[in-house]
Amino acid sequence: MEHLLADFPVITEIPVAWGEMDALQHVNNVVYFRYFETARIDYFKQVALMEETQSTGIGPVLSETQCRYKIPVTFPDTLLIGSRVVDIQSDRFTMEYQAVSKKIGKVTTTGSATVVMFNFKNGQKAHLSDKLIHAINTIEATS
C-alpha cells in the first residue's frame, strides 16, 4: 500500500467510525471532507503553519475544495490519507489528497483544496511568507 502514497509527504491514519456510515452502509460523502480537513491540519503542523498564524495573524482560509469518490468505504476500516501541495502562488496554494483503504488496499477517494492566506487583522488576502514557502518546498522534496 505504501506505493499508493509514495508521492505524498504527509500520511494521516484515520479509523472509520460506525457513526460515519449512511443509510446505504458506506461512509457518507460529506465525511470525506472532514477526513481531508484532518489531513490538511496534519500537513499544516508539519510546516509549522499554525504557529506562524499565531505569531503573525496571517493564516489559511479554505477557498475551494472538491472530492472524487472511487470506491465505497465501509466499517470497519482504516484509511490512510496522503496530502501534498501541488501548486504555490503568491497568496495561495493547492493541496491534493488521496485516501487508501487498509481493508481493500486500494485508492478509494481523491480530493483537492485551494487554501488562501488571509490577514485576520485587516481582513484581506496576504502573501505566503518565505518561511512557509521554504517549509512546503522542503517537505515536498521528501516524497
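Reckoned from all heavy atoms, side chains included, excluding hydrogens, waters and symmetry mates.
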So NE2 of His26 and OG1 of Thr108: to nearest 0.5 Å the spacing works out to 11.5 Å
Exercise. Taking C-beta and beyond as the side chain, do Ile58 and Thr53 meet within less than 4.5 Å on heavy atoms?
Worked result: no
Interatomic distance, CG@Asn29 vs OG1@Thr109, rounded to 0.5 Å, equals 10.5 Å
dist Gln98:CD -> Leu5:CG (nearest 0.5 Å) comes out at 6.0 Å
Exercise. Does Ser112 reach the main-chain N or O of Thr94 with its side chain, forming a donor-acceptor pair under 3.5 Å?
Worked result: no
Would you say Ile139 ends up clustered with Val86 if hydrophobic residues are merged whenever their side chains have heavy atoms under 4.5 Å apart, either directly or through other cluster members? no
Given the options Thr78, Leu79, Thr74, Lys103 meets side-chain contact (heavy atoms from CB on, under 4.5 Å) only with Thr74
Closest non-hydrogen atoms of Pro15 and Glu20, given as atom of the first, atom of the second and distance, are O-OE1, 4.2 Å
How about Thr56 and Lys121: does a side-chain donor come under 3.5 Å of a side-chain acceptor? no
Here the pair of heavy atoms bringing Leu128 nearest to Arg92 is CD1-N, 3.2 Å
(message) Looking only at side-chain N and O atoms, does Thr110 offer a donor or acceptor that is under 3.5 Å from a partner on Glu96?
(response) no
Closest non-hydrogen contact found for Val73 with Met21 is O-CE, 4.1 Å
One should read off an interatomic distance between Ile133 CD1 and His127 NE2, to the nearest 0.5 angstrom, of 10.0 Å
(request) Run the numbers on Phe93 and Met117 for side chain to side chain contact (heavy atoms under 4.5 Å, CB included), then give the verdict. (result) CA-CA 9 Å; Phe93 56 93; Met117 296 306 288; 4.1 Å; yes
Would you tell me whether Asp87 and Gln89 have side-chain atoms, one donor and one acceptor, within less than 3.5 Å of each other? yes
Passes side chain to side chain contact (heavy atoms under 4.5 Å, CB included), Lys131 versus Glu52? Steps please.
-> CA-CA 9 Å; Lys131 181 180 175 183; Glu52 185 174 324; 4.3 Å; yes
message: Closer than 4.0 angstrom, basic N to acidic O: yes or no for Lys45 and Glu51?
response: no
Indicate the ring-plane relationship of Tyr32 and Tyr35, choosing parallel, tilted or perpendicular according to the 30° and 60° boundaries. perpendicular
| request: In sequence, state the C-alpha distance, the side-chain angles, and the governing distance for Lys102 and Leu80, and then conclude on side chain to side chain contact (heavy atoms under 4.5 Å, CB included). | output: CA-CA 7 Å; Lys102 280 186 153 184; Leu80 300 174; 4.1 Å; yes
Cluster question for you: counting only ILVMFWY and a side-chain heavy-atom cut-off of under 4.5 Å, with indirect links fine, are Leu4 and Phe8 together?
-> yes
Closest non-hydrogen atoms of Pro9 and Ser83, given as atom of the first, atom of the second and distance, are CD-O, 3.3 Å
- Take Phe120 and Phe118, measure what ring-ring contact (aromatic ring centres under 6.0 Å, His included) needs, and give me the verdict at the end. CA-CA 6 Å; Phe120 294 100; Phe118 189 77; 5.2 Å; yes
dist Thr114:OG1 -> Leu62:CG (nearest 0.5 Å) comes out at 8.0 Å
Tightest non-hydrogen contact, residues Pro60 and Phe44, listed as CG-CE1, 3.5 Å
field: Side-chain touch Arg40/Met95, heavy atoms, less than 4.5 angstrom
entry: yes
When Leu49, Ile136, Thr12 are each screened for side-chain contact (heavy atoms from CB on, under 4.5 Å) with Tyr43, the one that passes is Ile136
Practice problem: Report, as yes or no, whether the 6.0 Å neighbourhood of atom CG on Asp130 holds more than 12 heavy atoms from other residues, nucleotides or ligands. | Solution: no
Checklist entry - Would you say the side chains of Gln66 and Tyr97 form a donor-acceptor pair under 3.5 Å? => result no
If you apply the rule side chain to side chain contact (heavy atoms under 4.5 Å, CB included), what do you find for Ile14 with Thr38, and how did you get there?
CA-CA 9 Å; Ile14 301 177; Thr38 300; 4.1 Å; yes
Verify the neighbour count for atom CD of Gln25: are there more than 12 heavy atoms of other residues, nucleotides or ligands below 6.0 Å? yes
| said: I want to check something: taking the side chain as every heavy atom from C-beta on, are Val27 and Val16 in contact at a cut-off of under 4.5 Å? | reply: yes
On a heavy-atom basis, the closest approach of Gly111 and Phe36 is CA-CE1, 3.8 Å
